[in-house]
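All chains are named by letter (A, B, ...) in the order of the sequence lines, taking the proteins before the strands, and each is independently numbered beginning at 1. The analysis underlying the following values was restricted to heavy atoms, covering all of them including side chains, and did not include hydrogens, waters or symmetry mates.
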There are 2 protein chains.
Amino acid sequence: MRGVELTDRESTILQSVIEGYVREAKPVSSSAVVRVSSVSLSSATVRNVMRALEEKGLILQPHTSAGRIPTDLGYRYYVDNLVKPVGLTAGERKAIGSELAKLVHCDLATVLAGISHMVSEASREMAVAVAPSGGGQVIEQVALVAIGAGRIMAVVATDVGPTRTAVLTTDGTFRRAEVSRASDLLNKWLRGVTLSEASATIEKRLGEQDPAPGGWLGGLLDGVRVFLSPGGGERIHYEGARYIFRHPEFSTDAASLGEIFDSEETLAEVVRGPVKAAEVRVVIGAENICSGMTRMSLIAGTYRIGGVVGRMGVIGPTRMKYPRLIGLVGYFSKVLDDLLAE
Amino acid sequence: MRGVELTDRESTILQSVIEGYVREAKPVSSSAVVRVSSVSLSSATVRNVMRALEEKGLILQPHTSAGRIPTDLGYRYYVDNLVKPVGLTAGERKAIGSELAKLVHCDLATVLAGISHMVSEASREMAVAVAPSGGGQVIEQVALVAIGAGRIMAVVATDVGPTRTAVLTTDGTFRRAEVSRASDLLNKWLRGVTLSEASATIEKRLGEQDPAPGGWLGGLLDGVRVFLSPGGGERIHYEGARYIFRHPEFSTDAASLGEIFDSEETLAEVVRGPVKAAEVRVVIGAENICSGMTRMSLIAGTYRIGGVVGRMGVIGPTRMKYPRLIGLVGYFSKVLDDLLAE
DNA sequence: CTTAGCACTCTTATGAGGAGAGTGCTAAGG
DNA sequence: CCTTAGCACTCTCCTCATAAGAGTGCTAAG
């Protein structure tokens with residue numbers, strides 16, 4: 001922000017323009033500034049000041065003989081120099097406190113989901129919360145636990161942040177004792193190493209082994225390396241996408257899309273809607289439950305993992321390439337089913 | 001679809017109308033049908049058939065003297081009776097196979113993320129994949145493990161589906177032996193119970209205890225009940241939201257929003273962008289890295305968990321209520337920070 | 001430096017007119 | 001009875017012209 005210096009009067013008028021524009025979403029005229037602002041000046045004087053602000057790049061006219069709207073630079077000056085953050089009212093803080101109390105003993109994912117819900121309610125904007133990304137975390141403990149039927153659970157605890165786990169599958173058979181030995185080995189290799197170094201460390205130590213482990217263990221270690229890669233376990237939570245689409249800067253025909261992206265839960269609900277499908281199921285336009293989907297179609301397939309079914313598919317406008325997409329979803333759901341059947 | 005019966009010719013023409021509309025995104029005229037369709041009829045005859053289709057509610061005219069577009073019912077008939085799914089080419093199947101091979105040993109979340117990526121690439125539509133929802137799953141094993149500093153890791157393994165874990169925090173102090181005893185107790189109570197019954201079961205058994213456990217254990221069990229509630233651990237993966245917004249049915253000014261919602265990773269990237277923030281940070285319009293955000297602002301705050309920082313905030317158009325929202329984000333990030341500091 | 005007054009510009013709304021697209025109808029032909 | 005050629009009709013879309021309104025830039029006086 002170096003280089004932009006404003007007089008008090010310029011600041012005041014910039015603030016009036018910005019706050020007027022935020023309120024009305026329309027270019028702000030000099031007379032409108034005179035009306036709302038505390039300065040007692042004529043519109044002609046305000047116009048002179050506005051011209052100075054325009055020359056400094058803080059506001060602009062969409063066209064000659066229109067009012068002014070703020071530029072990014074104008075907002076920047078406003079945020080850096082003029083904004084006084086508004087605290088929450090006592091009532092709001094109290095309400096938030098009691099909501100928050102419910103989250104005290106929950107895990108990070110639940111807390112973040114709750115926070116993004118609360119923020120989006122309070123702000124009437126889309127709220128997001130992301131868990132810390134894990135590149136610099138130091139591994140304290142790694143464990144592999146056989147949980148039967150070719151499935152192995154991997155757990156990694158780091159010095160900070162959430163503990164991460166995953167279930168890995170192997171194609172071969174193994175004995176519990178072998179898994180346990182592999183677990184001890186990994187632990188010896190990785191304790192004190194950061195997550196971002198983990199994959200390279202495994203590769204390096206693997207090369208030093210004689211003989212090199214093969215078969216199910218080799219495959220397993222590939223899975224472990226993906227599992228340990230930074231970013232793999234982090235998660236984003238968001239809520240309130242509908243608020244973005246409701247703003248007048250976006251045309252109303254996109255407003256319905258806001259509902260689809262309103263939160264992860266909404267999206268999951270849309271896809272999970274037609275649960276009793278056998279093969280590939282097509283839900284067209286107004287057949288959808290979600291009101292935001294009345295002009296969209298969903299092509300969904302199912303896959304099984306153990307005894308329960310999951311869903312996958314594509315979402316697009318009703319005007320979509322059904323023959324191709326039905327074939328595609330059918331193929332992928334079968335392939336996924338096979339992959340998870342191992 | 002009972003009640004709608006079409007002659008062969010009506011079917012053929014319906015198909016031409018739908019496929020023409022899918023291709024061109026414009027109303028299809030009778031002469032256009034004659035041009036592409038194999039039937040050798042005059043446009044006047046086609047018009048007569050179209051009128052019959054319109055009376056049956058399968059197609060409609062946006063206005064008099066325009067071509068026809070399909071209704072939801074038209075698409076429904078088409079999907080149920082006329083679509084022959086198109087298989088993938090050998091080349092596509094091969095490419096998919098080799099991509100898929102990389103996912104063999106990965107956990108479910110990674111597999112689903114990979115699948116939604118592949119489907120969105122292949123379909124040029126938004127792809128989604130959801131893990132099975134867990135209400136009916138039977139609990140095989142529950143474990144609580146103390147991992148130091150008031151933190152306890154909870155793990156639940158069910159007969160099917162992904163194993164779920166969470167880190168719970170307690171406000172009190174405890175001994176490892178106590179945690180271990182609580183773990184055994186939970187296991188005895190819950191083994192064989194479904195996830196959806198778990199919470200009620202804990203409450204019931206808790207009532208039978210004499211004396212009722214209090215202090216840190218009571219709080220912990222509240223956390224466990226939230227953790228075990230069905231749906232808490234499921235997750236959606238999606239990718240390719242940009243494809244929805246690119247379709248001509250939505251106006252171009254919303255197209256940039258597609259990029260923001262393109263995938264969970266994109267959204268996380270946007271929020272994580274300005275990492276070195278001290279307090280609340282405002283990123284305005286073109287200051288954003290993401291090209292889809294040039295007309296949006298991000299107000300982000302940080303929270304600490306252990307030594308690493310996470311981020312939370314709101315996203316909206318540059319025309320937003322900065323004073324209120326900066327105050328709000330500041331308050332919530334502080335409150336979240338405090339909550340996680342325990 | 002401020003302001004009143006006024007000419008100028010640009011948007012927006014409205015309506016008219018013409019071209020083009022596509023239909024509905026009718027009457028003739030197979 | 002079904003099909004089709006021909007034609008009138010309707011509706012959209014584009015352009016142009018006009019008028020009203022909003023808001024500015026400029027200038028000269030206070």
Report the distance from atom [atom1] of [X] to atom [atom2] of [N], rounded to the nearest whole Å.
X: Arg68(B); N: dC11(D); atom1: CZ; atom2: P; answer: 14 Å
X: Asn48(A); N: dT2(C); atom1: CG; atom2: P; answer: 9 Å
X: Leu41(B); N: dA5(D); atom1: CG; atom2: P; answer: 11 Å
X: Glu55(B); N: dG24(C); atom1: CD; atom2: P; answer: 10 Å
X: Leu60(B); N: dT23(C); atom1: CG; atom2: C1'; answer: 15 Å
X: Met50(A); N: dA22(D); atom1: CE; atom2: C1'; answer: 13 Å
X: Ile13(B); N: dT23(C); atom1: CD1; atom2: C1'; answer: 15 Å
X: Gln61(A); N: dC10(C); atom1: CD; atom2: P; answer: 10 Å

- Pairing annotation in dot-bracket form, given for DNA chain D with Watson-Crick or G-U pairs under 3.5 Å and | for cross-strand partners: ||||||||||||||||||||||||||||||

- May I ask you to decide if Ala66(B)'s main-chain N or O and Gln61(B)'s side chain share a donor-acceptor pair within less than 3.5 Å?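 Checked: pair present.
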
- Is there a donor-acceptor pair under 3.5 Å between the side chain of Asn288(A) and the backbone N or O of Gly285(A)?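 Looks like yes, one N/O pair under 3.5 Å.
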
At a cut-off of 3.5 Å, list every protein nitrogen or oxygen paired with a nitrogen or oxygen from nucleotides 6-10 of chain D, distance to 0.1 Å.
unit_1	atom_1	unit_2	atom_2	d
dT10(D)	O2	Ser65(B)	OG	2.9

- Are the aromatic rings of Tyr238(B) and Phe261(B) close, with centres under 6.0 Å apart?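 Centroid separation for Tyr238(B) and Phe261(B): 6.0 Å or greater.
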
Salt bridge [X]-[Y], side-chain N to carboxylate O under 4.0 Å:
X: Lys321(A); Y: Glu125(B); result: no
X: Glu287(B); Y: Arg295(B); result: no
X: Asp72(A); Y: Arg76(A); result: no
X: Glu249(A); Y: Arg319(B); result: yes

- Any chance you could measure Met126(A), atom CE, to Ile260(B), atom CD1, to the nearest 0.5 Å?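 Answer for the CE-CD1 pair, Met126(A) versus Ile260(B), is 7.0 Å.
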
- Approximate separation, where rounding is to 0.5 Å, of Glu10(B) CD and Gln15(B) CD: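 Between Glu10(B) CD and Gln15(B) CD, I get 14.0 Å after rounding to 0.5 Å.
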
- Looking at side-chain heavy atoms only, is the closest gap between Val130(B) and Met312(A) below 4.5 Å?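 No - every pair of side-chain heavy atoms lies 4.5 Å or more apart.
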
- Task: Output the single nucleotide from dT2(C), dT3(D), dC10(C) whose closest atom is nearest the side chain of His63(A).
- Result: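 Between dT2(C), dT3(D), dC10(C), the one nearest the side chain of His63(A) would be dC10(C).
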
- Query: Quick one: do the Ser11(A) and Tyr78(A) side chains pair a donor with an acceptor below 3.5 Å?
  - Reply: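 Side chains of Ser11(A) and Tyr78(A): no pair found under 3.5 Å.
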
- DNA chain D contacts made by residues 17-33 of chain A, counting heavy atoms under 4.0 Å: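 Residues of residues 17-33 of chain A that come under 4.0 Å of DNA chain D are, in numerical order, Ser29(A), Ser30(A).
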
